[in-house]
Amino acid sequence: MGQGNDLTALTLAQARDGLRAKEFTARELTQSFVDRVAASEKLNAYILQTPEHALEAAERSDARLGADDARPLEGLPLGVKDLFCTRGVRTTACSNILGDFTPPYESKVTENLWADGALMLGKLNNDEFAMGSSNETSAYGACLNPWRTDAGEALVPGGSSGGSSAAIAARLGLAATATDTGGSIRQPAALTGTVGLKPTYGRCSRWGIVAFASSLDQAGPITRTVRDSAIMLTSMAGHDARDTTSVDMVVPDYEAALTGDIRGLRIGVPKEYRIDTMPLEIEALWQQGMDWLRDAGAEIVDVSLPHTKYALPAYYIIAPAEASSNLARYDGVRYGARKMGDDIDDMYARTRGEGFGEEVQRRLLIGTYALSAGYYDAYYLKALQVRRLIAQDFENAYEHCDLLLTPTTPSAAFPLDKGQSDPLEMYLNDVFTVTVNLAGLPGISVPAGLDAKGLPLGLQLIGKAFGEEELLRAAQVLEEAAGFSAKPDDWWTSS
Ligand code: GLN
(Lines give C-alpha, C1' and ligand atoms only; values in the text may rest on other atoms or scores of the structure.)
Protein backbone atom coordinates (compact mmCIF):
# COMPACT_ATOMS: atom_id res chain seq x y z
CA MET A 1 0.00 0.00 0.00
CA GLY A 2 2.69 2.43 1.09
CA GLN A 3 4.28 2.37 -2.32
CA GLY A 4 0.94 3.23 -3.95
CA ASN A 5 1.76 6.80 -4.78
CA ASP A 6 5.19 5.98 -6.13
CA LEU A 7 3.72 3.80 -8.84
CA THR A 8 2.52 6.87 -10.71
CA ALA A 9 6.13 8.05 -10.99
CA LEU A 10 7.05 5.08 -13.19
CA THR A 11 7.45 5.38 -16.92
CA LEU A 12 5.25 3.17 -19.07
CA ALA A 13 8.20 0.85 -19.76
CA GLN A 14 9.06 0.60 -16.06
CA ALA A 15 5.44 -0.13 -15.15
CA ARG A 16 5.25 -2.81 -17.83
CA ASP A 17 8.42 -4.46 -16.58
CA GLY A 18 7.36 -4.14 -12.93
CA LEU A 19 4.04 -5.85 -13.63
CA ARG A 20 5.77 -8.72 -15.38
CA ALA A 21 8.27 -9.09 -12.55
CA LYS A 22 5.25 -9.19 -10.16
CA GLU A 23 6.59 -6.26 -8.14
CA PHE A 24 3.02 -4.94 -7.95
CA THR A 25 -0.33 -5.80 -9.48
CA ALA A 26 -2.27 -4.07 -12.24
CA ARG A 27 -4.96 -3.40 -9.64
CA GLU A 28 -2.46 -1.55 -7.39
CA LEU A 29 -1.01 0.37 -10.29
CA THR A 30 -4.43 1.36 -11.56
CA GLN A 31 -5.72 2.31 -8.12
CA SER A 32 -2.75 4.67 -7.69
CA PHE A 33 -3.65 6.44 -10.92
CA VAL A 34 -7.38 6.43 -10.21
CA ASP A 35 -6.73 8.15 -6.85
CA ARG A 36 -4.41 10.71 -8.35
CA VAL A 37 -6.80 11.48 -11.20
CA ALA A 38 -9.68 11.88 -8.70
CA ALA A 39 -7.65 14.57 -6.90
CA SER A 40 -6.77 16.46 -10.10
CA GLU A 41 -9.97 18.37 -10.77
CA LYS A 42 -8.22 21.73 -10.47
CA LEU A 43 -6.17 20.93 -13.58
CA ASN A 44 -9.30 20.00 -15.58
CA ALA A 45 -7.23 17.55 -17.61
CA TYR A 46 -9.82 14.75 -17.38
CA ILE A 47 -13.32 15.80 -18.41
CA LEU A 48 -14.64 12.30 -17.69
CA GLN A 49 -13.18 9.75 -15.29
CA THR A 50 -13.86 6.05 -15.82
CA PRO A 51 -12.45 4.40 -12.68
CA GLU A 52 -14.78 1.35 -12.74
CA HIS A 53 -13.79 0.71 -16.31
CA ALA A 54 -10.11 0.88 -15.41
CA LEU A 55 -10.31 -1.23 -12.26
CA GLU A 56 -12.37 -3.98 -13.88
CA ALA A 57 -9.91 -4.19 -16.75
CA ALA A 58 -7.06 -4.29 -14.23
CA GLU A 59 -8.58 -7.39 -12.62
CA ARG A 60 -8.62 -9.12 -15.98
CA SER A 61 -5.04 -8.02 -16.61
CA ASP A 62 -3.94 -9.44 -13.27
CA ALA A 63 -5.43 -12.80 -14.24
CA ARG A 64 -3.44 -12.76 -17.47
CA LEU A 65 -0.25 -11.57 -15.76
CA GLY A 66 -0.68 -14.36 -13.22
CA ALA A 67 -0.97 -16.87 -16.04
CA ASP A 68 2.10 -15.42 -17.79
CA ASP A 69 -0.15 -14.56 -20.69
CA ALA A 70 0.49 -10.80 -20.76
CA ARG A 71 -0.17 -8.78 -23.92
CA PRO A 72 2.25 -5.94 -24.85
CA LEU A 73 0.47 -3.26 -22.78
CA GLU A 74 -1.12 -5.53 -20.19
CA GLY A 75 -2.54 -3.60 -17.25
CA LEU A 76 -1.15 -0.19 -18.21
CA PRO A 77 -3.51 2.77 -17.48
CA LEU A 78 -3.84 5.45 -20.18
CA GLY A 79 -5.79 8.65 -20.79
CA VAL A 80 -7.70 9.17 -24.03
CA LYS A 81 -8.18 12.50 -25.80
CA ASP A 82 -11.91 13.18 -26.14
CA LEU A 83 -11.56 13.18 -29.93
CA PHE A 84 -11.32 9.37 -29.93
CA CYS A 85 -14.66 7.58 -29.98
CA THR A 86 -14.91 5.14 -27.10
CA ARG A 87 -17.68 2.55 -27.14
CA GLY A 88 -20.28 3.27 -24.46
CA VAL A 89 -18.24 6.17 -23.04
CA ARG A 90 -19.25 9.78 -23.73
CA THR A 91 -17.24 11.41 -26.54
CA THR A 92 -17.72 15.09 -27.30
CA ALA A 93 -14.58 16.54 -28.95
CA CYS A 94 -15.14 19.07 -26.13
CA SER A 95 -17.98 20.67 -28.10
CA ASN A 96 -21.49 21.40 -26.88
CA ILE A 97 -22.81 20.32 -30.23
CA LEU A 98 -22.07 16.67 -29.45
CA GLY A 99 -24.00 16.94 -26.18
CA ASP A 100 -23.77 13.57 -24.43
CA PHE A 101 -22.97 11.62 -27.56
CA THR A 102 -22.03 8.09 -26.57
CA PRO A 103 -20.59 6.19 -29.52
CA PRO A 104 -21.66 2.61 -30.18
CA TYR A 105 -18.18 2.00 -31.65
CA GLU A 106 -14.53 2.29 -30.72
CA SER A 107 -11.84 4.15 -32.68
CA LYS A 108 -9.34 1.83 -34.33
CA VAL A 109 -6.41 3.32 -32.41
CA THR A 110 -8.00 2.82 -28.99
CA GLU A 111 -9.28 -0.60 -30.05
CA ASN A 112 -5.66 -1.53 -30.82
CA LEU A 113 -4.55 -0.30 -27.40
CA TRP A 114 -7.25 -2.26 -25.52
CA ALA A 115 -6.53 -5.35 -27.60
CA ASP A 116 -2.94 -5.07 -26.39
CA GLY A 117 -4.09 -4.99 -22.75
CA ALA A 118 -4.03 -1.26 -21.92
CA LEU A 119 -6.86 0.24 -19.88
CA MET A 120 -8.64 3.60 -19.84
CA LEU A 121 -8.64 6.05 -16.92
CA GLY A 122 -10.93 8.52 -18.68
CA LYS A 123 -11.35 11.11 -21.40
CA LEU A 124 -9.03 14.08 -21.71
CA ASN A 125 -9.73 17.74 -22.37
CA ASN A 126 -8.86 19.37 -25.70
CA ASP A 127 -9.64 22.46 -27.73
CA GLU A 128 -13.10 22.20 -29.31
CA PHE A 129 -12.80 19.89 -32.35
CA ALA A 130 -9.00 20.16 -31.86
CA MET A 131 -8.98 23.76 -33.05
CA GLY A 132 -6.57 25.73 -30.92
CA SER A 133 -3.14 25.88 -29.32
CA SER A 134 -4.00 26.50 -25.67
CA ASN A 135 -6.90 24.19 -24.77
CA GLU A 136 -8.95 27.31 -24.00
CA THR A 137 -11.63 26.74 -26.67
CA SER A 138 -12.94 23.61 -24.92
CA ALA A 139 -16.62 23.61 -23.99
CA TYR A 140 -15.45 22.12 -20.66
CA GLY A 141 -13.26 25.11 -19.91
CA ALA A 142 -9.52 25.56 -19.98
CA CYS A 143 -7.13 22.85 -18.82
CA LEU A 144 -4.20 24.07 -16.72
CA ASN A 145 -0.55 23.26 -17.16
CA PRO A 146 0.89 21.59 -14.04
CA TRP A 147 3.91 23.84 -14.66
CA ARG A 148 3.55 27.38 -13.30
CA THR A 149 5.88 30.32 -13.07
CA ASP A 150 7.68 30.76 -9.75
CA ALA A 151 5.21 33.52 -9.00
CA GLY A 152 2.41 30.96 -9.30
CA GLU A 153 0.96 32.29 -12.53
CA ALA A 154 -1.39 29.84 -14.27
CA LEU A 155 -0.26 28.71 -17.73
CA VAL A 156 -1.82 26.88 -20.65
CA PRO A 157 -0.73 23.28 -21.37
CA GLY A 158 -0.72 23.94 -25.12
CA GLY A 159 -3.31 22.57 -27.48
CA SER A 160 -5.26 21.13 -28.88
CA SER A 161 -4.14 18.05 -26.89
CA GLY A 162 -3.77 20.07 -23.67
CA GLY A 163 -5.53 17.49 -21.50
CA SER A 164 -3.18 14.80 -22.80
CA SER A 165 -0.02 16.83 -22.19
CA ALA A 166 -1.12 18.11 -18.76
CA ALA A 167 -2.10 14.59 -17.70
CA ILE A 168 1.23 13.06 -18.61
CA ALA A 169 3.25 15.92 -17.09
CA ALA A 170 1.21 15.60 -13.88
CA ARG A 171 1.49 11.77 -13.82
CA LEU A 172 -2.23 11.22 -14.35
CA GLY A 173 -1.63 8.24 -16.63
CA LEU A 174 1.33 6.36 -18.09
CA ALA A 175 0.64 7.73 -21.57
CA ALA A 176 -2.13 9.45 -23.47
CA THR A 177 -3.52 9.35 -26.96
CA ALA A 178 -3.54 12.63 -28.86
CA THR A 179 -4.05 13.97 -32.39
CA ASP A 180 -2.05 16.41 -34.48
CA THR A 181 -3.43 18.38 -37.43
CA GLY A 182 -1.00 21.31 -37.33
CA GLY A 183 1.00 20.70 -34.15
CA SER A 184 -1.46 19.54 -31.52
CA ILE A 185 0.69 16.68 -30.22
CA ARG A 186 4.12 18.31 -30.43
CA GLN A 187 3.30 21.84 -29.23
CA PRO A 188 1.51 20.74 -26.02
CA ALA A 189 4.30 18.22 -25.38
CA ALA A 190 6.88 21.01 -25.66
CA LEU A 191 4.95 23.24 -23.27
CA THR A 192 4.68 20.54 -20.59
CA GLY A 193 8.08 18.83 -20.69
CA THR A 194 6.69 15.64 -22.25
CA VAL A 195 7.40 13.68 -25.43
CA GLY A 196 4.91 14.07 -28.31
CA LEU A 197 5.07 11.99 -31.48
CA LYS A 198 3.11 12.73 -34.64
CA PRO A 199 3.50 9.73 -36.93
CA THR A 200 3.56 9.79 -40.74
CA TYR A 201 0.15 10.46 -42.28
CA GLY A 202 -1.41 7.03 -42.80
CA ARG A 203 0.58 5.25 -40.07
CA CYS A 204 -2.42 5.14 -37.70
CA SER A 205 -6.03 4.70 -38.72
CA ARG A 206 -8.23 7.79 -38.39
CA TRP A 207 -11.34 5.62 -38.13
CA GLY A 208 -13.45 6.63 -35.15
CA ILE A 209 -11.50 9.81 -34.45
CA VAL A 210 -13.66 12.94 -34.70
CA ALA A 211 -12.48 14.54 -37.94
CA PHE A 212 -11.05 18.06 -38.11
CA ALA A 213 -9.05 18.26 -41.37
CA SER A 214 -8.89 14.74 -42.78
CA SER A 215 -5.84 15.19 -45.01
CA LEU A 216 -3.79 16.47 -42.04
CA ASP A 217 -5.16 14.66 -38.96
CA GLN A 218 -2.99 11.96 -37.43
CA ALA A 219 -3.10 10.18 -34.07
CA GLY A 220 -0.05 9.71 -31.87
CA PRO A 221 1.05 9.37 -28.25
CA ILE A 222 2.11 11.83 -25.56
CA THR A 223 4.41 10.14 -23.06
CA ARG A 224 7.13 10.88 -20.52
CA THR A 225 9.93 9.22 -22.50
CA VAL A 226 10.87 8.41 -26.08
CA ARG A 227 10.87 4.71 -25.23
CA ASP A 228 7.27 4.99 -24.07
CA SER A 229 6.34 6.70 -27.34
CA ALA A 230 7.93 3.85 -29.28
CA ILE A 231 5.97 1.29 -27.26
CA MET A 232 2.72 3.19 -27.72
CA LEU A 233 3.16 3.66 -31.45
CA THR A 234 3.82 -0.05 -31.95
CA SER A 235 0.32 -0.70 -30.62
CA MET A 236 -1.47 2.32 -32.10
CA ALA A 237 -0.20 1.96 -35.69
CA GLY A 238 -1.46 -0.34 -38.39
CA HIS A 239 -3.61 -0.75 -41.43
CA ASP A 240 -7.37 -0.53 -41.23
CA ALA A 241 -9.68 -1.16 -44.18
CA ARG A 242 -12.11 1.44 -42.77
CA ASP A 243 -9.60 4.26 -43.32
CA THR A 244 -8.47 4.11 -46.94
CA THR A 245 -5.59 6.50 -46.19
CA SER A 246 -4.12 4.16 -43.59
CA VAL A 247 -1.17 2.37 -45.09
CA ASP A 248 -0.79 -1.38 -45.36
CA MET A 249 2.79 -1.67 -44.14
CA VAL A 250 4.26 -3.91 -41.49
CA VAL A 251 4.37 -2.20 -38.09
CA PRO A 252 7.91 -2.58 -36.80
CA ASP A 253 8.80 -3.06 -33.15
CA TYR A 254 9.68 0.60 -32.62
CA GLU A 255 11.20 -0.05 -29.21
CA ALA A 256 13.74 -2.37 -30.81
CA ALA A 257 14.85 0.54 -33.02
CA LEU A 258 16.21 2.40 -29.97
CA THR A 259 19.80 1.30 -30.29
CA GLY A 260 21.36 4.57 -29.18
CA ASP A 261 23.60 4.56 -32.22
CA ILE A 262 23.26 7.54 -34.56
CA ARG A 263 26.81 7.61 -35.86
CA GLY A 264 26.92 8.88 -39.44
CA LEU A 265 23.35 10.19 -39.38
CA ARG A 266 23.01 13.53 -41.17
CA ILE A 267 20.90 16.09 -39.30
CA GLY A 268 19.64 18.99 -41.40
CA VAL A 269 19.12 22.44 -39.88
CA PRO A 270 16.71 24.54 -41.98
CA LYS A 271 17.76 28.17 -42.12
CA GLU A 272 14.20 29.44 -42.67
CA TYR A 273 13.31 28.37 -39.11
CA ARG A 274 15.51 31.14 -37.69
CA ILE A 275 12.61 33.56 -37.38
CA ASP A 276 13.09 37.11 -36.11
CA THR A 277 10.78 36.81 -33.15
CA MET A 278 12.49 33.74 -31.70
CA PRO A 279 13.69 34.21 -28.11
CA LEU A 280 17.45 33.92 -27.71
CA GLU A 281 17.15 31.06 -25.26
CA ILE A 282 15.29 28.96 -27.83
CA GLU A 283 17.93 29.81 -30.42
CA ALA A 284 20.61 28.73 -27.90
CA LEU A 285 18.80 25.49 -27.09
CA TRP A 286 18.59 24.67 -30.77
CA GLN A 287 22.37 25.16 -31.07
CA GLN A 288 22.82 22.99 -27.99
CA GLY A 289 20.72 20.28 -29.67
CA MET A 290 23.00 20.35 -32.70
CA ASP A 291 26.04 19.99 -30.44
CA TRP A 292 24.48 17.06 -28.57
CA LEU A 293 23.73 15.19 -31.79
CA ARG A 294 27.17 15.98 -33.21
CA ASP A 295 28.80 14.68 -30.03
CA ALA A 296 26.83 11.46 -30.51
CA GLY A 297 28.39 10.99 -33.94
CA ALA A 298 25.87 12.70 -36.22
CA GLU A 299 26.79 15.21 -38.88
CA ILE A 300 25.06 18.59 -38.90
CA VAL A 301 24.24 20.03 -42.34
CA ASP A 302 22.59 23.30 -43.36
CA VAL A 303 19.49 22.89 -45.49
CA SER A 304 16.84 25.16 -46.94
CA LEU A 305 13.05 24.84 -46.86
CA PRO A 306 12.29 27.94 -48.93
CA HIS A 307 8.47 27.82 -48.83
CA THR A 308 8.23 27.67 -45.03
CA LYS A 309 6.79 31.17 -44.77
CA TYR A 310 3.73 30.14 -46.75
CA ALA A 311 2.94 27.16 -44.53
CA LEU A 312 0.71 28.84 -41.95
CA PRO A 313 -1.31 30.80 -44.55
CA ALA A 314 -1.82 27.62 -46.59
CA TYR A 315 -2.76 25.65 -43.48
CA TYR A 316 -5.35 28.26 -42.49
CA ILE A 317 -7.06 27.79 -45.85
CA ILE A 318 -6.82 23.99 -46.11
CA ALA A 319 -7.67 23.05 -42.52
CA PRO A 320 -10.76 25.30 -42.26
CA ALA A 321 -11.91 24.20 -45.75
CA GLU A 322 -11.80 20.55 -44.74
CA ALA A 323 -13.32 21.35 -41.35
CA SER A 324 -16.26 23.16 -42.95
CA SER A 325 -17.02 20.00 -44.90
CA ASN A 326 -16.40 17.57 -42.02
CA LEU A 327 -18.45 19.55 -39.52
CA ALA A 328 -21.44 19.88 -41.86
CA ARG A 329 -22.71 16.65 -40.29
CA TYR A 330 -23.46 18.41 -36.97
CA ASP A 331 -26.87 19.66 -37.95
CA GLY A 332 -29.04 18.77 -34.98
CA VAL A 333 -30.44 15.74 -36.78
CA ARG A 334 -27.78 13.09 -36.66
CA TYR A 335 -25.75 13.69 -33.51
CA GLY A 336 -25.88 15.29 -30.11
CA ALA A 337 -27.60 18.53 -29.24
CA ARG A 338 -30.52 20.11 -31.11
CA LYS A 339 -32.06 23.57 -30.70
CA MET A 340 -35.58 23.70 -32.08
CA GLY A 341 -36.52 26.53 -34.46
CA ASP A 342 -39.43 27.79 -36.54
CA ASP A 343 -38.55 25.56 -39.48
CA ILE A 344 -35.74 23.25 -40.49
CA ASP A 345 -33.40 26.05 -41.61
CA ASP A 346 -33.95 27.87 -38.36
CA MET A 347 -33.29 24.64 -36.44
CA TYR A 348 -29.98 24.14 -38.26
CA ALA A 349 -28.94 27.73 -37.65
CA ARG A 350 -29.82 27.68 -33.97
CA THR A 351 -28.22 24.29 -33.39
CA ARG A 352 -24.98 25.29 -35.06
CA GLY A 353 -25.02 28.85 -33.73
CA GLU A 354 -25.38 27.71 -30.14
CA GLY A 355 -23.57 24.37 -30.38
CA PHE A 356 -20.27 25.56 -31.84
CA GLY A 357 -17.95 27.89 -29.98
CA GLU A 358 -16.45 31.07 -31.37
CA GLU A 359 -13.19 29.63 -32.73
CA VAL A 360 -14.98 26.76 -34.48
CA GLN A 361 -17.46 29.19 -36.05
CA ARG A 362 -14.57 31.37 -37.24
CA ARG A 363 -12.96 28.36 -38.92
CA LEU A 364 -16.23 27.25 -40.53
CA LEU A 365 -16.79 30.71 -41.98
CA ILE A 366 -13.23 30.91 -43.35
CA GLY A 367 -13.48 27.40 -44.76
CA THR A 368 -16.87 27.88 -46.38
CA TYR A 369 -15.66 31.14 -47.90
CA ALA A 370 -12.49 29.55 -49.27
CA LEU A 371 -14.50 26.79 -50.93
CA SER A 372 -17.20 28.99 -52.42
CA ALA A 373 -17.53 29.74 -56.13
CA GLY A 374 -15.10 32.41 -57.27
CA TYR A 375 -12.83 31.99 -54.24
CA TYR A 376 -12.06 28.30 -54.62
CA ASP A 377 -9.49 28.95 -57.36
CA ALA A 378 -8.07 32.04 -55.71
CA TYR A 379 -7.59 30.53 -52.26
CA TYR A 380 -8.11 26.80 -51.99
CA LEU A 381 -6.31 25.72 -55.15
CA LYS A 382 -3.46 28.13 -54.43
CA ALA A 383 -3.11 26.70 -50.95
CA LEU A 384 -2.92 23.19 -52.40
CA GLN A 385 -0.16 24.32 -54.76
CA VAL A 386 1.77 25.78 -51.84
CA ARG A 387 1.29 22.52 -49.97
CA ARG A 388 2.89 20.64 -52.83
CA LEU A 389 5.85 23.04 -52.85
CA ILE A 390 6.34 22.57 -49.11
CA ALA A 391 6.39 18.79 -49.53
CA GLN A 392 8.90 19.24 -52.35
CA ASP A 393 11.09 21.37 -50.06
CA PHE A 394 11.37 18.43 -47.68
CA GLU A 395 12.10 16.00 -50.50
CA ASN A 396 14.92 18.26 -51.67
CA ALA A 397 16.30 18.65 -48.15
CA TYR A 398 16.30 14.89 -47.62
CA GLU A 399 18.75 14.52 -50.49
CA HIS A 400 21.29 16.08 -48.14
CA CYS A 401 20.21 14.77 -44.73
CA ASP A 402 18.29 12.02 -42.92
CA LEU A 403 16.40 14.02 -40.27
CA LEU A 404 15.77 17.68 -39.46
CA LEU A 405 16.26 19.42 -36.12
CA THR A 406 14.23 22.51 -35.18
CA PRO A 407 12.71 24.10 -32.09
CA THR A 408 9.17 22.80 -31.46
CA THR A 409 7.60 26.14 -30.53
CA PRO A 410 8.53 29.82 -30.65
CA SER A 411 7.85 30.22 -26.90
CA ALA A 412 7.40 28.35 -23.64
CA ALA A 413 3.97 27.93 -21.98
CA PHE A 414 2.07 31.23 -21.84
CA PRO A 415 -0.58 32.60 -19.44
CA LEU A 416 -4.27 31.94 -19.95
CA ASP A 417 -6.26 34.49 -22.00
CA LYS A 418 -3.13 35.66 -23.79
CA GLY A 419 -4.05 34.63 -27.30
CA GLN A 420 -7.80 34.80 -27.03
CA SER A 421 -8.00 38.42 -28.09
CA ASP A 422 -5.89 37.83 -31.18
CA PRO A 423 -6.49 34.58 -33.06
CA LEU A 424 -3.67 35.31 -35.49
CA GLU A 425 -1.15 35.45 -32.69
CA MET A 426 -2.42 32.09 -31.46
CA TYR A 427 -1.95 30.61 -34.94
CA LEU A 428 1.78 31.47 -34.82
CA ASN A 429 2.32 28.79 -32.19
CA ASP A 430 2.42 26.21 -34.96
CA VAL A 431 4.98 27.95 -37.13
CA PHE A 432 7.53 25.10 -36.70
CA THR A 433 5.09 22.18 -36.60
CA VAL A 434 2.53 22.81 -39.34
CA THR A 435 4.88 22.20 -42.29
CA VAL A 436 5.23 18.60 -41.13
CA ASN A 437 1.47 17.99 -41.40
CA LEU A 438 1.27 19.64 -44.80
CA ALA A 439 4.00 17.28 -46.03
CA GLY A 440 2.56 14.24 -44.20
CA LEU A 441 5.84 13.53 -42.39
CA PRO A 442 6.54 12.23 -38.86
CA GLY A 443 7.79 14.61 -36.17
CA ILE A 444 8.58 14.32 -32.48
CA SER A 445 9.08 16.85 -29.70
CA VAL A 446 11.56 15.99 -26.96
CA PRO A 447 11.91 17.98 -23.71
CA ALA A 448 15.32 19.60 -23.95
CA GLY A 449 15.67 22.30 -21.32
CA LEU A 450 14.13 25.03 -19.20
CA ASP A 451 13.79 28.71 -19.99
CA ALA A 452 14.82 31.52 -17.63
CA LYS A 453 11.46 31.24 -15.85
CA GLY A 454 12.00 27.54 -15.23
CA LEU A 455 9.51 26.39 -17.89
CA PRO A 456 10.08 23.47 -20.28
CA LEU A 457 11.22 23.90 -23.88
CA GLY A 458 11.18 21.25 -26.59
CA LEU A 459 13.24 20.41 -29.65
CA GLN A 460 11.63 18.84 -32.69
CA LEU A 461 13.06 16.15 -34.94
CA ILE A 462 11.38 15.62 -38.31
CA GLY A 463 11.77 12.35 -40.22
CA LYS A 464 11.16 10.92 -43.65
CA ALA A 465 7.80 9.36 -44.47
CA PHE A 466 7.54 6.11 -42.50
CA GLY A 467 10.98 6.79 -41.01
CA GLU A 468 9.73 6.53 -37.42
CA GLU A 469 12.42 4.04 -36.41
CA GLU A 470 15.24 6.40 -37.32
CA LEU A 471 13.29 9.33 -35.87
CA LEU A 472 12.75 7.63 -32.52
CA ARG A 473 16.36 6.42 -32.38
CA ALA A 474 17.69 9.97 -32.79
CA ALA A 475 15.04 11.35 -30.42
CA GLN A 476 16.19 9.01 -27.70
CA VAL A 477 19.80 10.12 -28.16
CA LEU A 478 18.65 13.73 -27.90
CA GLU A 479 16.58 12.93 -24.81
CA GLU A 480 19.52 11.23 -23.15
CA ALA A 481 21.89 14.10 -23.90
CA ALA A 482 19.42 16.68 -22.64
CA GLY A 483 18.84 14.68 -19.45
CA PHE A 484 15.64 16.62 -18.76
CA SER A 485 14.60 15.61 -15.23
CA ALA A 486 12.72 18.65 -13.90
CA LYS A 487 9.18 18.00 -12.73
CA PRO A 488 6.28 20.27 -11.83
CA ASP A 489 5.14 20.11 -8.20
CA ASP A 490 1.73 18.92 -7.07
CA TRP A 491 0.20 22.32 -6.20
CA TRP A 492 -3.04 21.23 -7.83
CA THR A 493 -3.84 18.12 -5.76
CA SER A 494 -6.94 18.29 -3.64
CA SER A 495 -6.39 15.13 -1.60
N1 GLN B 1 -3.23 24.88 -33.50
C2 GLN B 1 -3.62 24.41 -34.78
C3 GLN B 1 -5.06 24.77 -35.03
O4 GLN B 1 -5.61 25.40 -34.23
C5 GLN B 1 -3.41 22.93 -34.88
C6 GLN B 1 -4.43 22.15 -34.14
C7 GLN B 1 -4.22 20.68 -34.27
O8 GLN B 1 -3.13 20.21 -34.60
N9 GLN B 1 -5.29 19.94 -34.03
O10 GLN B 1 -5.62 24.44 -36.02
Side-chain angles (χ1 to χ4, degrees), residues 5 8-9 12 30 32-51 53-54 76-84 86 89-95 110 118-130 132-148 153-180 184-196 219-224 228 232 413-416 447 455-456 487-495:
N5 282 337
T8 63
L12 180 108
T30 305
S32 307
F33 278 107
V34 163
D35 293 345
R36 198 166 162 85
V37 169
S40 73
E41 248 144 44
K42 228 182 251 170
L43 284 179
N44 201 22
Y46 280 89
I47 56 160
L48 182 72
Q49 300 179 20
T50 54
H53 213 277
L76 302 177
L78 311 178
V80 174
K81 185 177 184 179
D82 204 36
L83 228 60
F84 291 80
T86 39
V89 177
R90 190 189 71 193
T91 301
T92 68
C94 294
S95 180
T110 47
L119 46 96
M120 177 167 75
L121 291 163
K123 302 299 291 283
L124 293 163
N125 209 342
N126 51 252
D127 280 298
E128 185 179 2
F129 283 106
S133 299
S134 65
N135 207 125
E136 291 170 287
T137 71
S138 167
Y140 291 90
C143 166
L144 299 185
N145 195 327
W147 293 84
R148 301 187 295 179
E153 189 179 20
L155 303 171
V156 305
S160 64
S161 311
S164 304
S165 67
I168 300 315
R171 301 192 275 114
L172 301 171
L174 290 168
T177 68
T179 62
D180 192 313
S184 280
I185 293 177
R186 292 158 290 156
Q187 184 259 12
L191 269 44
T192 55
T194 55
V195 176
I222 292 184
T223 58
R224 281 200 287 282
D228 291 355
M232 284 289 287
F414 44 90
L416 273 78
L455 300 174
K487 289 181 181 64
D489 59 35
D490 290 351
W491 57 269
W492 43 268
T493 46
S494 60
S495 57

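Note: hydrogens, waters and symmetry copies are ignored here, and every other heavy atom, side chains too, is used.
With sequence neighbours excluded, no residue forms a side-chain contact (heavy atoms from CB on, under 4.5 Å) with K487. Residues meeting the side-chain hydrogen bond (donor to acceptor under 3.5 Å, both in side chains) test with N126, sequence neighbours left out: none. Residues passing the side-chain contact (heavy atoms from CB on, under 4.5 Å) test with A118, sequence neighbours excluded: L73, L78, L113, W114. Under the rule for a side-chain hydrogen bond (donor to acceptor under 3.5 Å, both in side chains), the partners of S161 that lie at least two apart in sequence or sit in another chain are K81. Among residues two or more places apart in sequence or in another chain, the side-chain hydrogen bond (donor to acceptor under 3.5 Å, both in side chains) test is passed with T177 by none. Taking S138 as the reference, C94, N125, N135, Y140 meet the side-chain contact (heavy atoms from CB on, under 4.5 Å) condition, with sequence neighbours excluded. With sequence neighbours left out, the side-chain contact (heavy atoms from CB on, under 4.5 Å) criterion links E41 to Q49. Shown here are the side-chain hydrogen bond (donor to acceptor under 3.5 Å, both in side chains) partners of T92, two or more places apart in sequence or in another chain: D82. Residues passing the salt bridge (Lys or Arg N to Asp or Glu O under 4.0 Å) test with D127: none are found, sequence neighbours excluded.
No donor-acceptor distance shorter than 3.5 angstrom exists from the side chain of W492 to the backbone of S40, with no hydrogens or angles considered. At distances below 3.5 Å, at least one donor-acceptor pair connects side-chain atoms of T91 with backbone N or O atoms of V89. Here the side chain of R186 pairs no donor or acceptor atom with the backbone of D180 at under 3.5 angstrom. Between the side chain of R224 and the backbone N or O of L12, no donor-acceptor pair lies under 3.5 Å.
Note that CZ of F129 and OG1 of T179 are 12.0 Å apart. Values are rounded to the nearest 0.5 Å. Atom CD of Q187 sits about 8.0 Å away from atom OG of S134, to the nearest 0.5 Å. With rounding to the nearest 0.5 Å, the separation of OG1 in T50 from CG in L121 is 6.5 Å.
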Q.
Evaluate T137 against E128 for side chain to side chain donor-acceptor pair (under 3.5 Å), listing each step before the verdict.
A. CA-CA 5 Å; T137 71; E128 185 179 2; 5.4 Å; no
